[in-house]
Amino acid sequence: MAKYLFYPGCSMESSAKAYSDSLMAVAGPIGLELEEVEDWNCCGATEYLGISLTPAYALISRNLALASKQANGNRTVVAPCSACYLNLAKADYYMQEQPKLGVMVNEALKAGGLSYKPGTLSIRHLLDVMVYDIGLDTIKSKVVRPLTGLRVAPYLGCMVPRPDYENRWSDHEYPIELDLLLNALGAEVIDFPLKTHCCGGHMPHIGPDTAFELIRRLISSAATYETDIMATLCPMCQMNLDAYQGETNRHFGTNYHMPVVFFTQLMGLAFGLDPKDIGFGSELVSARKALNKVGLEAPELVEAAPARPRKAEGLPMPRPLPTRGPQRAKKDEVAK
Amino acid sequence: MTKHNGSKPEVQERIGVYVCHCGTNIAGTVDVVQVAEWAASRLKTRGVVIARDYKFMCSSLGQELIEKDIKELGLTRVVVAACSPHLHEKTFRTACARAGLNPFLCEMVSIREQVSWVHTDKEAATIKSQAAVSGGVERVIHHEALEPLTVPINPATLVVGGGIAGIQATLEIADAGHHVYMVEREPSIGGHMAQFDKTFPTLDCAACILTPKMVDVGGHPNVTLMTWSEVEKVEGYVGNFSVTVRKKARHVKTEDCTGCGICQEKCPKKVIDEIYEAGLGYRKAIYTPFPQAVPRFPVMDVDNCIYFEKGTCKACEKFCPTNAINFDQQDEIVTLEVGNIILATGYDIFDARRVSNYGYGRLANVFTSLEMERLTNAAGPTNGNIVLRDGKTVPEAVGIIHCVGSRDRNFNNHCSVICCMQSLKFAHMVHERTGAIVYNFYIDMRTPFKDYDEFYQRVMEEGTLFVRGKVAEVTDATRLPGEEGKLIIQVEDTLAGKQRRIPVDMVVLSVGLQPRQDSNETAKLFGISCSANGWFIEKHPKLDPVATMTEGIYIAGCAQGPKDIPASVSQGAAAAARVLGKIEQKEMALEPVRASVIEEKCSGCRICNDLCPFNAITFHEDRMVTEINAALCQGCGTCVAACPAGAIYGTGFNNEQVLAQIEGLLLLNVGDEPVPA
Amino acid sequence: MVTLQALDPPKAVPKLIEDLTLLDEVSARTAGVSRLEMCIQCGTCGGSCPSSADMDHTPRMLFAMLRAGMREDSLKSNTPWICVSCYHCVVRCPQNVHIADVMYTLKGMAIEAKLFRDSTAPDFSQTFVDMVEEYGRGFEFGLATRHYLKHFPLRLPSMAPMGLGLLSKKRMTITPKRIKGIKQLKAILKRAKEVEGDSHG
Amino acid sequence: MNNNEIFEPTIIGFTCNWCSYRAADLAGTARIKYPPNIRLIRLMCSGRLDPTFVFKALASGADGVMITGCHPGECHYLEQNYKALRRFHLIRRTLKGFGVEPGRVKLVWASAAEGAKFASETAVFIEEIRALGPLHWGKSNGYTPFGGKPPEFEPAPESPEEVPA
Amino acid sequence: MTAPNGKKPKFAMYWAASCGGCEIAVLNIHEKILDVDANFEVVFWPVAMDAKYKDVEAMEDGSILLTLFNGGIRNDENEHIARLLRRKSQILVAFGSCACEGCIPGLANFSPAGEIVHTAFNTVSTDNPHQIYPRTSFDVPEGEITIPKIYPTLRTLDQVVDVDYYMPGCPPESHQIAAVIDLVIQVLQGKAELPPKGATIGAGDSTVCDECTRKRNVKTIKSFHRIYDLDIDPELCLLEQGIPCNGPATRSGCNARCVSAGAQCIGCYGPAEGVVDYGARLIAAFASVIDSNDPEEIEAILDGIPDPAGQFYRFNLAGSLLKAAKPAWEKA
């Protein structure tokens with residue numbers, strides 16, 4: 001049985017609880033044994049790196065140090081969140097590429113009685129382990145409720161297949177691993193051209209306009225393919241596409257309704273688990289329709305408070321300037 | 001047991017040491033005067049009778065200095081401390097020979113490439129130079145007077161590869177009256193050039209200039225043409241190579257075939273032609289790749305032939321008017337005896353699928369430059385009509401992307417040389433034939449040769465739009481109105497400093513040239529070296545770009561590195577000139593670096609028997625001794641090092657020389673002097 | 001006869017923009033080997049960037065500015081703050097420049113030099129970092145409320161439904177979690193900051 | 001040697017005429033700098049490398065030996081560098097038996113085109129040997145060059161106090 | 001070589017750091033020993049007759065015609081006698097492997113001298129409850145008594161004095177000793193000439209393989225084994241069967257005794273003529289014929305030779321290029 005060290009990351013405890021729940025529910029059947037790194041800390045997401053180099057890498061490396069201590073040597077650490085995965089993997093890689101960084105980080109770790117020898121752990125993303133270690137055959141063998149007819153857009157976001165210094169993925173731009181996995185579940189996988197494009201990352205908090213445009217591109221492209229549901233493997237992607245979809249709609253005057261869930265949730269569905277136990281219902285854009293399509297009752301939903309209804313009678317409300325997004329986009333469209 | 005007792009007999013040799021300034025190249029970092037003075041005093045007991053420094057030892061005055069000393073001081077050994085022996089060993093050996101000293105009694109030590117140019121600390125560099133001189137002195141004491149081996153040169157030549165470079169080389173040698181064997185692995189000669197429609201910058205028709213040369217090769221009395229054939233083994237050495245060639249079964253009796261083409265016409269099996277048509281067109285299971293093929297005989301593709309698959313059909317046999325089809329034909333192995341070999345094995349194109357963001361293979365209307373050559377070729381699958389993958393739609397906007405797979409650390413580091421001009425050529429042709437808007441996306445425009453930049457000007461005048469920027473992606477994911485149904489080229493226009501999304505109907509990827517996939521094996525087969533990325537390595541990048549490190553083997557065309565047609569032709573002709581020079585010499589001297597067995601010491605243990613890749617070692621069962629064939633021996637010394645009895649002697653690189661050199665190099669470490677760096 | 005009239009000497013000598021230490025400094029402060037000096041200005045990064053439309057300068061242009069030693073202008077640029085760390089540019093860059101990591105470096109340098117124009121992004125980072133340093137884990141609720149109150153008070157109403165939704169779906173907690181080894185973490189970070197400070201001289 | 005001084009090792013490098021010697025030449029032509037602690041000997045091929053040469057170098061005062069050859073599969077004499085590889089492994093094992101750090105002998109593949117690699121590998125090896133400290137076998141074991149008479153021996157320490165417990 | 005008229009030339013034999021086997025080997029020439037007696041006057045041979053060092057010291061320089069010196073130089077007494085006999089002898093022969101190249105006593109050069117003393121006097125080999133070590137000098141009422149001082153490493157005879165001839169073997173084969181004695185006698189009688197100084201006598205010019213009758217082929221080795229781990233083909237070359245047989249590098253002259261008896265050659269006759277380092281020859285030879293180009297596999301194959309230094313330098317460590325292992329000279 002496969003046994004891995006597990007670095008869940010902060011989101012798994014809160015915003016991506018559905019990811020966590022569904023992962024725990026499917027891990028058993030496919031024989032994925034995960035041992036949580038004890039007392040891990042936040043990886044710093046994309047924020048800490050922008051403040052100061054050594055502290056950022058020391059923050060990340062505390063986790064590596066803890067994990068390697070717990071691993072008692074050389075083992076694989078699995079991270080389900082793309083930012084966590086990237087930060088851990090990158091820290092390990094850069095400390096090898098530029099030993100000076102490793103020395104500085106270890107100097108800091110020493111203050112906490114820790115140390116880490118770069119290169120001793122192998123950092124991998126959950127999907128990588130699922131596809132290449134557990135294997136598609138094993139996953140396929142557990143499917144009792146194939147997702148036949150469900151049109152799924154595989155959406156990986158950026159930080160899992162890139163920069164990929166260890167060359168773990170089939171491609172940096174069009175990796176096929178998630179497609180293969182969803183295929184194994186019986187879903188109809190669309191060839192989603194933006195599968196590794198950006199969801200906006202932290203931009204909703206910083207430059208919301210930038211973020212809304214990125215979210216719009218993804219949702220609208222998925223919609224043109226008549227996608228029923230988007231499957232993702234990153235808490236941040238899920239958050240941005242799901243939780244900010246409403247705001248994006250308001251921003252552009254669009255009316256997309258694109259449910260976004262974690263791939264592990266779809267695995268759970270295909271494995272015949274109860275949607276309630278695998279986090280369905282916690283998405284803000286309801287996946288009810290999609291669930292119906294595979295013959296399932298959606299769980300009791302606590303719908304997000306609907307946006308203020310528009311008055312049907314009287315003069316039309318001034319529409320939110322539909323132009324902002326497209327106008328902005330037009331700026332790049334210089335060629336005519 | 002090592003004999004440690006007593007000193008070795010007093011050194012009998014009279015050694016001259018010459019330290020070169022090389023202008024400031026050496027003298028700038030090494031105190032050459034001190035090196036010479038040190039050698040004269042410290043190495044006096046080691047036989048050094050004179051040590052001089054001189055501005056340029058390799059100059060005629062420098063050489064005369066040595067010659068004079070040999071004659072006047074009776075020198076018996078010479079050590080020159082200067083540049084790399086690869087540059088001037090011959091020079092100083094010849095100088096010694098002129099003065100009546102056996103040239104092999106001269107030793108060169110490198111204090112330029114390996115000292116002054118790589119170190120900065122003058123004191124350390126001077127000490128290192130002294131050590132090098134001391135090593136050279138100790139080594140030269142053990143040198144022997146040698147006579148070079150001479151071997152006759154077989155005037156026949158083998159040319160491998162029937163592209164334009166190989167064709168040119170073949171014709172030059174054959175016209176000079178010597179026999180040439182040309183081996184080509186495809187059914188016809190012609191190479192990549194045969195696939196092109198027009199050639200830049202003159203836009204003359206490739207076929208029109210190539211075909212006459214192909215015919216010349218095919219009919220030349222001095223040429224034996226072997227297409228559909230591959231070299232399997234190369235033995236021997238310069239002047240006397242023995243080459244084994246596999247002539248693959250054509251299943252067509254060439255003595256009977258008239259090349260009428262009826263077999264191809266009647267063959268019911270259509271196959272996508274991945275080679276000649278770049279996957280855009282079809283051929284039959286029995287085929288000549290193109291109408292002007294040389295030789296005109298077709299070959300049978302047994303992997304696709306219905307008869308070989310199912311046991312029935314034989315349409316070709318039935319219709320052949322001269323009964324030239326033979327289904328039972330077997331591969332034939334022939335051995336060629338040649339004196340020199342020219343490798344002109346060409347290039348492969350970069351696999352554009354590897355740049356996944358350009359969508360080749362996923363997006364229908366993204367084409368490679370080779371596909372574009374076929375699309376534009378009047379004899380191509382579309383009769384020269386530039387259309388989309390659907391076979392009919394004429395594009396209204398075309399984007400041509402330069403540097404695909406070239407100048408990119410993710411793929412190939414090198415510049416593929418021809419892509420800029422090729423892309424300009426396409427821009428011109430698209431304009432001319434479709435009137436479409438054409439964009440060229442480039443990083444740098446490189447049009448350095450005769451009339452090339454003029455061509456660039458002409459294409460600009462024609463209205464091609466140039467965007468400076470490496471394209472980021474080609475996508476069908478629409479984002480803005482007006483993008484539907486188009487391919488969108490997303491790029492930073494670096495001159496405008498803005499990201500642009502440019503919708504087009506067709507994208508042409510100017511894919512790079514890269515070494516043949518099997519270039520490493522080819523290099524190994526012929527015993528030449530290949531760079532890490534796969535291009536054959538020339539003897540000297542500037543001064544000897546057609547020879548290789550292996551005597552008698554020359555390279556021409558893109559096998560050595562990307563180049564255009566004029567350059568390939570030049571190099572083919574140059575290689576031929578080198579071969580003709582060799583043939584004229586009739587015989588040549590080989591370096592007398594050879595191994596030999598001291599028979600009375602050999603116990604016949606047979607340790608060495610399997611170590612020689614040149615089969616120079618034979619074991620005589622009757623006498624229980626091993627013997628080395630001096631002519632086959634290449635002088636690597638592996639057997640010398642391996643012989644447990646010390647019964648193999650390496651002339652020119654014997655144990656005494658190396659061991660003495662080690663002692664000499666380390667003299668400063670054990671002497672009274674402080675341990676230097 | 002023409003006489004040349006002497007020009008008035010300039011009142012203030014114009015400042016030279018070239019600060020040739022800039023490129024090296026950025027490289028030295030970047031994790032891994034930046035390869036920044038290898039940029040050939042091909043624009044792959046700017047072409048690939050999903051958010052380049054909002055940037056003052058495309059990454060390529062910013063690198064040219066770094067090379068030209070335009071310290072103030074390049075640190076003032078909003079470009080690093082708009083970078084979404086999608087690594088498209090990194091994997092496509094033909095010269096393997098560690099572009100995304102250079103962006104992180106520039107952010108740090110801009111904060112240090114107090115040269116960023118809009119405080120939203122640096123504040124967000126700082127708030128996030130503060131939370132992490134306090135608790136050892138991310139704390140979305142605290143982060144979001146603090147950040148939005150400061151920078152987007154007007155956006156809060158429209159955010160409310162989402163926030164409520166997340167809360168009601170238990171996707172956000174109001175109380176932060178603190179790791180056990182917070183003292184250890186603080187010690188490590190304290191030392192790390194000293195090390196970082198030393199390395200800049 | 002003064003203890004405060006940095007130890008400057010001396011290294012003997014064996015190069016192949018076709019690849020690594022040319023790589024060393026190329027490093028020169030390209031003016032790539034590396035420390036001067038290495039002295040090179042040209043062999044026709046790494047296959048010529050006789051273990052005697054390695055022992056001779058160490059016994060005569062070298063602190064380390066670098067053996068260089070063409071990359072596997074790229075030997076000018078087709079496959080002789082593999083013989084060097086095999087000998088290298090056995091030399092290291094034997095040296096270990098002599099109580100010598102196997103790291104004092106290193107095998108580096110460098111093609112004629114890899115001047116930069118030759119320089120950097122050399123620089124790295126020099127640092128590795130510097131870290132191992134001096135060997136000075138020749139001096140300590142009474143070696144004199146050119147077959148000279150070895151120096152007299154001093155008797156070994158005799159009192160039990162100086163004998164390991 | 002001169003013998004004073006009418007008098008029998010003088011003969012000496014001495015035993016330094018060695019086991020005594022060489023002395024036995026001389027006696028092993030059976031009735032030939034009588035020829036020695038008939039042709040020589042034995043003046044000094046501690047194992048066979050009573051003689052004092054001072055008697056030798058009293059002799060005129062060069063008065064001994066032939067001295068067979070066996071054993072290496074391990075202490076100051078060995079060295080003193082070596083120098084003494086050198087002075088007194090016209091012909092000094094390094095007799096046997098110890099004198100020639102160090103032999104088994106030379107294996108002590110793998111360890112520091114102090115450690116050897118410690119092992120000899122204060123480990124299981126000696127019951128020494130009071131940890132008493134030998135003192136080189138000790139005062140007793142009668143005066144000072146001394147014992148020889150040990151040197152840091154063992155040296156071969158020719159590392160201390162000039163040697164005229166070398167006679168290898170551990171011990172030299174009796175038939176070779178007999179042949180050498182015959183030769184010397186013939187020279188005395190003017191019927192033969194002495195070989196050039198520095199030559200190896202009583203041995204062949206080639207290697208053991210020359211005298212070995214086993215069949216042999218082209219060699220490629222996939223694994224090395226101990227001889228007791230295999231069913232040995234009695235006809236076939238041992239090395240080809242994966243037995244690290246030192247025969248290919250070892251000087252001939254023993255009639256391939258061990259190999260014909262079914263055991264591998266361990267190399268007591270030392271290197272062939274002109275070889276600088278015996279062990280290096282074997283390293284090169286064995287490694288060259290390993291059948292692998294993969295570093296890991298090569299390592300695995302070499303695991304079959306667990307003690308390469310011991311395997312290749314059993315008899316000639318002191319006479320090798322390196323002469324001693326690093327710990328031995330480092331602590332000197």
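Sequence lines set the chain letters: A, B, ... in the order given, protein chains first and strands last, and positions in each chain run from 1.
- In terms of heavy-atom pairs under 4.5 Å with chain E, the best-connected choice from D:Leu58, D:Asp50, D:Ile91 is D:Asp50.
- Contact of E:Tyr313 with chain D is made through the side chain alone, with heavy-atom distances under 4.5 Å.
- Chain E forms the most heavy-atom pairs under 4.5 Å with one residue out of D:Gln80, D:Arg93, D:Lys56, and that residue is D:Arg93.
- Contacts between residues 94-107 of chain D and chain E, defined by a heavy-atom separation under 4.5 Å, are made by D:Thr94, D:Leu95, D:Gly97, D:Phe98, D:Gly99, D:Val100, D:Glu101, D:Arg104.
- D:Glu79 is not listed as a side-chain neighbour of E:Asn293, based on a closest heavy-atom distance of 4.5 Å or more.
- Nearest heavy-atom pair across E:Ala280 and D:Pro51 is O-CG, 3.5 Å.
- Listed by sequence position, E:Ile298, E:Glu299, E:Leu302, E:Asp303 are the residues of residues 296-303 of chain E in contact with chain D, using a 4.5 angstrom heavy-atom cutoff.
- Counting heavy atoms from C-beta outward, E:Ile290 and D:Tyr82 have side chains that stay 4.5 Å or more apart.
- With a 6.0 Å radius and a threshold of 12 heavy atoms from other residues, nucleotides or ligands, D:Arg31 has its CZ atom above the threshold.
- Side-chain contact between D:His89 and E:Pro295: present, with at least one pair of heavy atoms (C-beta onward) separated by less than 4.5 Å.
- Put simply, the side chain of D:Thr52 reaches to within 4.5 Å of the side chain of E:Arg281, judged on heavy atoms.
- For the atom pair CZ of D:Arg86 and CG of E:Asp291, the computed distance is 7.0 Å after rounding to the nearest 0.5 Å.
- Not a single donor-acceptor pair under 3.5 Å links the side chain of D:Arg87 to the backbone N or O of E:Ala287.
- Between D:Phe53 atom CZ and E:Asp277 atom CG the span is 12.0 Å, to the nearest 0.5 Å.
- With contacts defined as side-chain heavy-atom distances shorter than 4.5 Å, the pair D:Leu135/E:Lys326 qualifies.
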